[in-house]
Amino acid sequence: MSDNTPLIGQDADDENQQRGFAEKWQTSYQQAQSATAKFIHSRAKHWIILVLIILDVAGILSDIFIALITCEIGIEHDEWVAPTRNSLTIFSLSLSCVFLVELFLSVFADGLGYFSSWLHCFDAFVIVVGFAIDLFEHNTAEEIASLIVILRLWRFVEIVDEFSVEASEQTEEQTEDLRKQIQDLQTRNADLEAQLSRS
């Protein structure tokens, strides 16, 4: 036997190490996916996104109003107008980035099954189009900004709808719990009545 001949035991060890690494990676991936799903579907996340949407819509509307009012009264070239509008544009782009990260986390948490609902597909469309418009629109047209407002308001409606679905699910759970308690109490009451009748 030469020094260059691999031992069968070494091949098996290498294969076991590779399999162990793959299993650890898969376990870590599943844990990260589970933790992400827990956060994505949490009430706190919905409230955060709701507040960010309101702030985003307020920023876009402020930019539109500043542009219209300063143009109307002829002060669009004042020194405060450009920095203010640029700040609002950067603010809107930052929030679009947050919404895009939220979309990626949702897809990571739910997999491609996220797109099984047409509401989620439309929401993803709104996020991507809003991001693209925020990224490429630099004083191009105020109509595009108003389109973003309408699309972001759609996200607001969708999140409010998710809250109502969550509330109805909680109500159903509470109703089921109450039914079980009533059934348990009726059983205990029947047992007590049987004990009293034997006495």
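Because only heavy atoms are used, hydrogens play no part in the values below, and waters and symmetry mates are left out as well, while side chains stay in.
Residue Glu102 holds its CD atom at 13.0 Å from SG of Cys97, rounded to the nearest 0.5 Å. Atom CZ of residue Phe104 and atom OG1 of residue Thr36 lie 14.0 Å apart, to the nearest 0.5 angstrom. In this structure, the separation between CD1 on Ile53 and CZ on Phe99 is 5.0 Å, given to the nearest 0.5 Å. Of the inter-residue distances, the one linking Phe125 atom CZ with Leu103 atom CG reads 13.0 Å to the nearest 0.5 angstrom. Expressed to the nearest 0.5 Å, how far CD1 of Ile73 lies from CG of Leu68 amounts to 11.5 Å. Rounding to the nearest 0.5 Å places CD1 of Ile64 at 7.0 Å from CD1 of Ile60.
Not counting sequence neighbours, the partners of Val81 by the side-chain contact (heavy atoms from CB on, under 4.5 Å) test are Ile66, Thr70, Asp78, Arg85. Under the rule for a side-chain contact (heavy atoms from CB on, under 4.5 Å), the partners of Glu176 that lie at least two apart in sequence or sit in another chain are Arg179, Lys180. Residues satisfying the side-chain contact (heavy atoms from CB on, under 4.5 Å) criterion with Ala37, sequence neighbours excluded, are His41, Ala109. With sequence neighbours excluded, the residues that form a side-chain contact (heavy atoms from CB on, under 4.5 Å) with Val98 are Leu52.
Counting only heavy atoms from C-beta outward, the side chains of Asp63 and Phe91 never approach each other to under 4.5 Å. With contacts defined as side-chain heavy-atom distances shorter than 4.5 Å, the pair Ser94/Ile90 qualifies.
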Side-chain donor-acceptor pairs under 3.5 Å in residues 186-198, sequence neighbours left out?
from: Thr187; atom 1: OG1; to: Gln183; atom 2: O; distance (Å): 2.9
from: Ser197; atom 1: OG; to: Glu193; atom 2: O; distance (Å): 3.4
from: Ser197; atom 1: OG; to: Ala194; atom 2: O; distance (Å): 2.8
from: Arg198; atom 1: NE; to: Ala194; atom 2: O; distance (Å): 3.3

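When atom types are taken as modelled, the side chain of Ser34 and the backbone of Gln31 share no donor-acceptor pair closer than 3.5 angstrom. No donor-acceptor pair closer than 3.5 Å links the side chain of Ser92 to the backbone N or O of Leu88.
Through chains of ILVMFWY side-chain contacts below 4.5 Å, Phe108 is grouped with Trp25, Tyr29.
Both Val51 and Ile48 belong to a single network of hydrophobic side chains, linked directly or stepwise wherever heavy atoms of I, L, V, M, F, W or Y lie under 4.5 Å apart.
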